[in-house]
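Note that the coordinates shown come from a computational prediction; the quantities given were computed from them, not determined experimentally. Residue numbers begin at 1 in each chain, while the letters A, B, ... track the order of the sequences.
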Amino acid sequence: MKEGPEEWQARLETIAPELIEELNTKKEPDKGLKPLDVKEGESVVMRFAPNPNGPPTLGSTRGIVVNSEYVKRYGGKFIIRFDDTDPQTKRPMLEAYDWYLEDCEWLDAKPDEVVIASDNMEVYYDYARQLLEMGHAYVCFCEGGDFKKFKDAKEPCPHRDHAPEVNLEHWDKMLAGEYEEKAAVVRIKTDIEHKDPAMRDFGAFRIVKTAHPRPEVDDKYVVWPLLDFEGAIEDHVLGMTHIIRGKDLMDSEKRQGYIYNYLGWEYPKTTHWGRVKMHEFGKFSTSGLRQSIEDGEYSGWDDPRLPTLRALRRRGIKPEAIRKFMIDMGVGETDVSLSMDTLYAENRKIIDTIANRYFFVWDPVELEVEDAVCCTVNPSLHPSEDRGVRCIDIGSKLLVCKSDVESAEVGDMLRMKDLYNIEITSVSPLKCKCIGDSMEDAKSNKMRIIHWVPEDGIPVKVLAPQGEFIGIGEKQIVDELDNVVQFERFGFCRIDSVDDGVVAYFTHK
RNA sequence: GCUCCGAUAGUGUAGCACGGCCAAUCAUACAGGACUCUCACUCCUGCGACUGGGGUUCGAAUCCCCAUCGGAGCACCA
C-alpha cells in the first residue's frame, strides 16, 4: 500500500511530534562565501601565490580577495608569496612585485607577510637532498620524449632505480652547473603504474641557466624547483591551514601528497574555483598584453581598455566594489564568464552619492541665443546630497551636444537644464531665443531637457574602453582632480589630470 | 590516448554533504511603470532555470548509472 506525505505527517505526529516544527522551518539561503572548515579555536593561515610576471588583473583579484576575506573572518594570517621560480618561460617582472603589494593594499588585503620563493632556494635544496637520500626522488637523464614513453607504458625509466648515493652525486653535479639545460631533472617517485598518467613521477627540479631578474638572485642558481615542489614545501613551511586556488591546480594536491607523505606532513585543506572570464575582455595573456603594450597598441598597463587593477583604479572603480563582486561570486568549481556590468552596478551604488555632477558636452555645436542676457547660474553639485552649488557664467552662446540638436527644426522648444527654455529660430546657423525660465512651461510643453556648457568652457578628453570622447566641460571640473564625478547624461568619470584641459577616464554609465 | 572535475533563468548565485519545506533564492541584465530639471539614483511590477535519458523512492534539483556538453591535468610553465 502506497503512502503519501499526508500519511507520513500523520504518522510523525504520533511518533515524534517535536519534529513537526523542524519540518516546517524554512532554511535561510546563504550568501557569498561558505564557511570554512576550521577547527575550534584554530587561526587560519592562507596565501595568495602569484607569479609576478605582470600586473594583477581582475583574474588574480579573486585569489587576493577571497583568501584575505577568509582570514579577516576567522582571524589569522594572510600571506602573499611570489612563486617566481621560473626565470625563463614565465619570467618575473621586477616592477610587478611592488604592483602586487600596492594593489593588495588598495583592495584592503594588505598581507601580513611577504614571501619570495627565489629567496628560499636553499630550503628547497635541503628537502630535495632529504628526499634523494630517502630514495623518494631521483635524478633523471631521459629526454622529455623518452620519459613520456616510459611513463605512458607505466614503466620505470632506467634512472629510477639508482641508489641514493648515485642520485646525490648527480644532484651535486646539477647544482654545480655541470649539466646543460634539459640534460637532467629531479623527479619525485610516486607510483609509476598509477592509473592517472598525471600522477606518475612528476618533475621537481630542472636546470635553467638564464639569470633571474632579481639582482639579489641573478645567476646564483642554475637548478630551479617546479611549482609542485616549491609550493609543496612553502605551504608546509609557512604553516598553511587552507588553500583556495584555481581548479587547474587540482592535481597538485594529489602530486604534492606524495611529498607530504614522504616527509610526514599533513596537507592543508583545499578548495578550488573555476576559471573566471570577463565577457568584455577576450582571452588575454600576460605575455600577449606585454607585447601589445610594447607595440604601442595600448598606452600602458593602466590603459582603460585593460582588465588590470591599475586600469580599473584609474577609471574610478572602487576597491569595495571589486571585493563585493568577488565575494558574492563565491568559490564554485564551475568556470564562470561574467559581465563587467555586474561590477559596474556594484560600483555605481558606491559612487552615485559621492560623485559631484557636472556638464560635459561631447561633439559640441554652437547655439546662439538671441537677445541673451549675461547671467550666472548655480546648479547643485548633487541632486540629493547637500553639497553646495556650481557657478557658471553664461554669455550669448552655448554649446550643446550635436546629437541633441541635429534633428531640431525651427519652432522646437528645449529646456536647458538648470537654465532656461529656448525655442529654435534658425537651424543653419543654429540660433534660438530664450522663452523664459519656467519649469512649469517646460513640463507642460513636454520639452526635452538637455545639458549645455558656456562657450568659454574647458576642453575635456574622456578616455573610455570604447574609445575617446572630445568635448567641452564646465570650468569647475578642474577642482575635482582625482575624484570621480558624473557628467550628466554621459556617465561617471575619474578626473585624471587638469593641466592642459581636462583628461578624464570613463568609469561606466 | 589516459585521468580528474563540473553542469540551476541572458549572466552570476542559493539550495545538493542529511531526498519532502522548491510552484526553486538573491543579484545583475532586460521589459513595463512611478519619481526626477541627467540617459544617473530610488521605488514598484514583470520576465526568466534544475543539460538529456534511465534507475532507487510514496516522493529527486538533491542519491545511483549512462549520455551530451564544458573545463583541466598527463611540461624541464605558474
_If I pick the P atom on B/G46 and the same atom on B/A27, what distance separates them, to the nearest angstrom?_
13 Å
*asked:* Could you tell me how far apart A/W224 (CH2) and B/A78 (P) are, to the nearest whole angstrom?
replied: 10 Å
Between the protein and nucleotides 60-68 of chain B, which nitrogen or oxygen pairs are less than 3.5 angstrom apart?
none

For residues 180-191 of chain A, which side-chain donor-acceptor pairs fall under 3.5 Å, sequence neighbours excluded?
from   : atom 1 : to     : atom 2 : distance (Å)
A/E181 : OE2    : A/K209 : N      : 2.6
A/K189 : NZ     : A/G135 : O      : 3.2
A/K189 : NZ     : A/R160 : O      : 3.3
A/T190 : OG1    : A/M199 : O      : 2.6
A/T190 : OG1    : A/D201 : N      : 2.8
A/T190 : OG1    : A/D201 : OD1    : 3.4
A/D191 : OD1    : A/E193 : N      : 2.9

*Specify the separation, in whole Å, of atom CZ of A/F205 and atom C1' of B/A75.*
16 Å
_Euclidean distance for C1', B/U13 against B/C26 (whole angstrom)_ = 7 Å
*Tell me, please, which residues at least two apart from A/E488 pass side chain to side chain donor-acceptor pair (under 3.5 Å).*
A/K417
*In whole Å, what separates the C1' atom of B/C47 from that of B/U56?*
36 Å
*Between B/G52 and B/A61, how far is it from one P atom to the other, in whole Å?*
11 Å
*asked:* Just the rounded figure in Å: distance from P of B/A78 to CG of A/D83.
replied: 8 Å
*Between B/A27 (C1') and A/M326 (CE): distance, integer Å*: 16 Å
_Position toward the 5' end of RNA chain B (nearest nucleotide), A/D152 or A/R187_ = A/D152
*Check whether any side-chain N or O of A/R206 sits under 4.0 Å from OP1 or OP2 of B/A78, and answer yes or no.*
yes
*How would you list all residue pairs meeting side chain to side chain donor-acceptor pair (under 3.5 Å) that involve residues 48-57 of chain A, not counting sequence neighbours?*
A/T57-A/S60
*Scan side-chain atoms only and decide if A/E480 and A/N356 contain a donor-acceptor pair under the 3.5 Å cut-off.*
yes
*Tell me: CG of A/L227 to C1' of B/G73, nearest whole Å?*
13 Å
*Side-chain heavy atoms of A/D335 within contact of A/K277, under 4.5 Å*: no
*Between B/C5 atom P and A/H272 atom NE2, what is the distance in whole Å?*
11 Å
*For RNA chain B, which consecutive runs of 3 or more Watson-Crick or G-U pairs (each distance under 3.5 Å) count as stems?*
B:1-7 with B:68-74, B:10-12 with B:26-28, B:30-34 with B:42-46, B:51-55 with B:63-67
_B/U62 to B/C18 separation - C1' atoms, rounded to the nearest Å_ = 10 Å
Hey, can you pull the donor-acceptor pairs under 3.5 Å for the side chains in residues 145-155 of chain A, sequence neighbours left out?
from   : atom 1 : to     : atom 2 : distance (Å)
A/K148 : NZ     : A/D152 : OD2    : 3.3

*side chain to side chain donor-acceptor pair (under 3.5 Å) partners of A/R91, counting only residues at least two apart*: none
*Between A/W171 and A/F205, is the gap from one ring center to the other below 6.0 Å?*
yes
*asked:* Which residues pass the salt bridge (charged side-chain N to carboxylate O under 4.0 Å, His left out) test with A/K349, not counting sequence neighbours?
replied: A/E346
*Would you please confirm or rule out a distance under 4.0 Å between OP1 or OP2 of B/C4 and any side-chain N or O of A/K195?*
yes
*To the nearest angstrom, how far is A/Q88 atom CD from B/A78 atom C1'?*
14 Å
*Same-atom distance (P) from B/A72 to B/G19, integer angstrom*: 34 Å
*When you check the gap from the basic side-chain N to the acidic O, do A/K324 and A/D328 get nearer than 4.0 Å?*
yes
Pairwise N/O distances under 3.5 Å, protein to nucleotides 33-37 of chain B:
from  : atom 1 : to     : atom 2 : distance (Å)
B/C37 : OP2    : A/K443 : NZ     : 3.4
B/C37 : O2'    : A/K417 : NZ     : 3.4
B/C37 : O2     : A/R415 : NE     : 3.4
B/C37 : O2     : A/D418 : N      : 2.8
B/C37 : N3     : A/R415 : NE     : 3.3
B/C37 : N3     : A/R415 : NH2    : 2.4
B/C37 : N3     : A/D418 : N      : 3.1
B/C37 : N4     : A/R415 : NH2    : 2.5

*Mind checking the P distance from B/G10 to B/G48? Whole angstroms is fine.*
10 Å
*asked:* Quick one: does any side-chain atom of A/T308 pair with a main-chain N or O of A/W301 as donor and acceptor, under 3.5 Å?
replied: yes
*Heavy atoms under 4.0 Å, any strand shown: does A/N51 hit a base, just sugar-phosphate, or nothing?*
sugar-phosphate
*asked:* Side chain of A/D196, heavy atoms from C-beta onward: which of B/U28, B/C4, B/U38 has the nearest atom to it?
replied: B/C4
*What is the distance from CZ of A/R255 to C1' of B/A78, rounded to the nearest Å?*
12 Å
*Just checking A/C401: base, sugar-phosphate only, or nothing, at a heavy-atom cut-off of under 4.0 Å?*
nothing
*Tell me, which pairs form a salt bridge (charged side-chain N to carboxylate O under 4.0 Å, His left out) where one or both residues lie in residues 437-452 of chain A, sequence neighbours left out?*
A/D404-A/R448
*Classify every nucleotide of nucleotides 40-51 of chain B by which part a protein heavy atom approaches to under 4.0 Å, writing B for the base, S for the sugar-phosphate alone and - for neither, in 5'-to-3' order.*
BS----------
*Candidate nucleotides B/A14, B/C77, B/A7, ranked by approach to the side chain of A/K34 - the nearest*: B/A14
*Is A/Q256 reaching over with its side chain to a backbone N or O of A/D228, donor-acceptor style, under 3.5 angstrom?*
yes
*Under a 90° cut-off about 0 for the syn range, is B/A67 syn or anti?*
anti
*In terms of the nearest nucleotide of RNA chain B, which residue is placed more toward the 5' end: A/F490 or A/R62?*
A/R62
*Centres of the A/F487 and A/F492 rings: under 6.0 Å?*
no
*Test item: A/P364 and A/W362 side chains (from C-beta on) under 4.5 Å apart, heavy atoms*: no
*asked:* Just to be sure I understand the rule, does A/L338 reach a base, reach only the sugar-phosphate, or reach nothing, if contact means heavy atoms closer than 4.0 Å?
replied: sugar-phosphate
*asked:* If you take the centroid of each ring, where Trp contributes its six-membered ring, are A/H170 and A/F141 closer together than 6.0 Å?
replied: yes
*Taking RNA chain B as the partner, which of residues 243-253 of chain A come within under 4.0 angstrom of it by heavy atom?*
A/K247, A/D248, A/L249, A/M250, A/D251
*Rounded C1' spacing from B/C4 to B/A14 in Å*: 26 Å
*Do A/H451 and A/R489 get their side chains close enough for a donor-acceptor pair, meaning under 3.5 Å?*
yes
*Kindly assign one of parallel, tilted or perpendicular to the pair A/Y100 and A/F48, based on the angle between their ring planes and the thresholds 30° and 60°.*
tilted
*asked:* Hydrogens and angles aside, do A/R214 and A/S118 bring a side-chain donor and acceptor to less than 3.5 Å of each other?
replied: yes
